[in-house]
Number of protein chains: 2
Amino acid sequence: MDTTSRHVLCEYYGCDVDLLQDRGFIEELLQRAAEAAGATVVGTVFHRYSPQGLSGVVLVAESHFSIHTWPEHRFAAADFFTCGDCRPEDAHPVLRRALHAEDAEVMVLARGMGRRSIQVREHRREPEPLW
Amino acid sequence: MDTTSRHVLCEYYGCDVDLLQDRGFIEELLQRAAEAAGATVVGTVFHRYSPQGLSGVVLVAESHFSIHTWPEHRFAAADFFTCGDCRPEDAHPVLRRALHAEDAEVMVLARGMGRRSIQVREHRREPEPLW
């Protein structure tokens, strides 16, 4: 694996409550996001909390994609961490649209031995819906 | 789940090569790190790359712990992401010592709906070995 990586941290506000607790939907969505980023899925693990909330990770050959949902707050936090030629930023609009997030926050970090320093490359709020 | 979270990003340099490719060791280590942070394990997924390198995630009731290793570079990147009363910072010395990392970098982020902003709380290099 290439050791120079990008790590995109996303937080989604005002999401659709029903979607945030739909395990099948979230699992399929995270795999679709990984594919949109050009990553290759090698494993998954998901867990549904009682009474609500989901956590899941899609392990990819280039690192991982994760999501944690809080339906009671219409909130979700996601991470897209990849090395090599992937485009982790491309996973973000897939999730934001699919979750019907009213607004979002995105932080892009550069990581990995290739640079020997974790660096914040970008940090933005997206207050407007995408549709 | 509490929506106020801490996310600790760690990078480990000069690690023991054999340990970085020992799947059983890395799997047990990541679970031990999660327990040291006070988290409750609810699932795991690991993958071994050819010819070398490992990726793994321990899903916890409070979010997740992940690791990606590059034995050929004696390098590993780890994330400890937890909400609630966990102590994700306590996972770091467990990994650093166990991997025999010569030096490390740590970035601590505050995340989650409770604060409505991802914030860098701490960012440090640890150039000296811990032992």
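In what follows, chains carry the letters A, B, and so on, assigned in the order in which the sequence lines appear, proteins first and then strands, with residues in each chain numbered from 1. Remember, predicted model here, so these are calculated numbers, not experimental data.
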In one Ile/Leu/Val/Met/Phe/Trp/Tyr side-chain cluster, 4.5 Å: [X], [Y]:
| X | Y | answer |
| --- | --- | --- |
| B/Phe65 | B/Leu54 | yes |
| B/Ile67 | B/Phe25 | yes |
| A/Phe80 | A/Leu20 | yes |
| A/Val60 | A/Val8 | yes |

Ring geometry between B/His68 and A/His64 (parallel below 30°, tilted from 30 to 60°, perpendicular above 60°): parallel
Partner chain A: residue of B/Asp79, B/Thr44, B/Val120 with the largest heavy-atom pair count (under 4.5 Å): B/Asp79
Side chain / backbone / both / neither for B/Leu109 at chain A, heavy atoms under 4.5 Å: side chain
side-chain contact (heavy atoms from CB on, under 4.5 Å) partners of B/Val45, counting only residues at least two apart: A/Val45, A/Leu59, B/Val57
Separation of A/Leu9 CG from B/Arg111 CZ (nearest 0.5 Å): 4.0 Å
Atom pair OG (B/Ser55) and CD (A/Glu62), whose distance is rounded to the nearest 0.5 Å: 9.5 Å
Smallest separation among heavy atoms of A/Ile118 and B/His123, with atom names: O-CE1, 3.0 Å
Nearest heavy atoms of B/Gly112 and A/Tyr13, plus distance in Å: O-OH, 4.3 Å
Those residues that, when tested against B/Asp90, pass salt bridge (charged side-chain N to carboxylate O under 4.0 Å, His left out) (two or more places apart): B/Arg87
Side chain, backbone, both or neither of A/Phe46 within contact of chain B (heavy atoms, under 4.5 Å): backbone
